Amino acid sequence: MLTYARPGDTVHISEMFRLVRGTAHILDVLDVLHRDRLALRIHDGAFSAMDLTARHPRTGELLSTVKFMVQTLAAAGELQRDLQRELTYDGLRAAEAKGSKGGRRPAVAPTKTADVRTAYLEGRSIAALARDHGVSRGAIRTVVADLLPDHTAIEEDVPAPELPITLDMPGKVADYLRATELEPAERAALDQGTTVRRGQGYTLRVTAVLAVHRRLLALCQPLDGGQGTPAIPAQRTARREYENRVTTLTP
């Protein structure tokens with residue numbers, strides 16, 4: 001168990017993360033703890049009683065052994081997450097090989113697919129079929145997709161599907177967002193992102209529709225500081241870099 005504390009106090013690690021919300025890189029977290037004169041210790045396990053905020057008495061910098069241990073623990077955690085993701089993908093592929101299809105169930109039940117296709121061939125409109133079956137017009141189009149002529153016009157109230165876009169998200173932005181409450185689509189975009197190493201840091205290659213990128217950008221706005229929260233220059237630069245990439249795609 002990890003806890004942080006002021007002299008004489010002991011508080012669970014979850015309270016510490018609320019304190020440093022917006023500072024997700026592990027070494028930046030330790031800087032914030034040092035600024036607020038907080039100690040971070042491992043209470044049990046192999047590294048029990050180790051102070052992860054110990055600094056050199058003269059230079060005030062993190063001890064090299066502490067920095068090594070913290071970065072090693074962070075790397076081990078990232079490795080574990082990547083292995084879990086790979087195992088999940090392997091499981092999905094194995095299920096698919098056995099004929100199991102993941103994802104959302106079709107809006108039109110398989111037992112009704114033949115009736116929908118027959119009615120369409122007999123001249124029933126997509127709008128009428130959608131009303132009959134209580135589904136969207138897009139769901140009906142999916143069922144009769146191979147029956148639609150190439151020149152079929154898109155109905156006015158059926159928006160064209162939005163294509164996913166791949167952007168490189170700075171690691172400091174990704175770290176902050178992972179500690180933030182996200183919608184399922186936003187969380188999935190981060191979890192499925194590809195890590196690209198950049199020297200001592202990294203970027204996360206995220207593939208999502210533009211609307212998801214915009215929501216993620218809005219959620220990391222606190223990295224710019226404000227409302228009594230000081231901005232960390234490296235995080236602010238990372239957020240603005242991501243903002244420039246998202247803004248470039250805005251029509």
Side-chain angles (χ1 to χ4, degrees), residues 81-169 173-174 177-196 203-221 242-251:
R81 187 191 64 215
D82 290 343
L83 289 174
Q84 288 175 338
R85 184 183 304 162
E86 291 176 8
L87 290 173
T88 299
Y89 290 155
D90 289 343
L92 291 174
R93 284 193 293 268
E96 185 177 357
K98 294 179 181 179
S100 176
K101 294 184 178 180
R104 184 181 301 176
R105 293 182 179 180
V108 179
T111 55
K112 298 182 179 179
T113 299
D115 294 339
V116 171
R117 292 170 63 84
T118 300
Y120 177 76
L121 290 173
E122 291 175 351
R124 190 77 170 160
S125 70
I126 289 178
L129 287 169
R131 288 194 300 271
D132 293 344
H133 294 275
V135 297
S136 67
R137 298 183 185 185
I140 299 298
R141 283 183 174 277
T142 299
V143 174
V144 300
D146 59 321
L147 304 177
L148 295 172
D150 293 339
H151 61 274
T152 300
I154 298 177
E155 298 177 50
E156 293 183 359
D157 59 345
V158 180
E162 191 175 1
L163 297 177
I165 300 166
T166 301
L167 290 179
D168 282 351
M169 176 186 292
V173 173
L177 290 173
R178 285 194 177 107
T180 303
E181 185 175 349
L182 301 175
E183 296 295 331
E186 298 158 3
R187 179 67 61 187
L190 288 183
D191 290 344
Q192 296 170 9
T194 303
T195 300
V196 180
T203 61
L204 187 68
R205 192 154 291 164
V206 178
T207 300
V209 297
L210 182 56
V212 171
H213 281 296
R214 287 174 177 166
R215 289 198 296 271
L216 292 173
L217 176 62
L219 288 170
C220 64
Q221 180 67 37
Y242 180 51
E243 180 181 28
N244 290 338
R245 292 171 183 171
V246 175
T247 305
T248 302
L249 299 173
T250 303

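FYI, side chains are in, hydrogens and waters are out, and symmetry mates aren't considered; it's all heavy atoms of this structure. Numbers here simply count residues along the sequence, with the first being 1. The model shown is predicted, which means the values in this text are computed figures rather than measured ones.
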Can you confirm whether [X] sits close enough to [Y] that some side-chain heavy atom of one is under 4.5 Å from a side-chain heavy atom of the other?
X	Y	answer
L210	V246	yes
L216	Y242	yes
V135	K112	no

Notebook entry, point to check: With sequence neighbours left out, what residues match N244 under side chain to side chain donor-acceptor pair (under 3.5 Å)?
Noted result: none
Item checked: Residue list, side chain to side chain donor-acceptor pair (under 3.5 Å) with T207, at least two apart or on another chain -> T166
Nearest heavy-atom neighbours spanning [X] and [Y]:
X	Y	answer
A119	L129	CB-CD2, 3.6 Å
L177	L182	O-CD1, 3.6 Å
T180	R187	O-NH2, 2.7 Å
V173	C220	CG1-SG, 4.0 Å

Calculate, to the nearest 0.5 Å, the distance between atoms [atom1] and [atom2] belonging to [X] and [Y] respectively.
X	Y	atom1	atom2	value
I140	R137	CD1	CZ	11.0 Å
T194	R205	OG1	CZ	7.5 Å
T247	R214	OG1	CZ	9.0 Å
H213	I165	NE2	CD1	6.0 Å
M169	R245	CE	CZ	10.0 Å

Could you check whether any side-chain N or O of [X] sits under 3.5 Å from a backbone N or O of [Y], counting only pairs where one atom can act as donor and the other as acceptor?
X	Y	value
H133	V108	no
R93	T88	no
R85	D191	yes
R141	I126	no

Checklist line | Any pair counted as salt bridge (Lys or Arg N to Asp or Glu O under 4.0 Å), so long as it reaches residues 114-131, sequence neighbours left out | finding: R117-D146, R124-D132
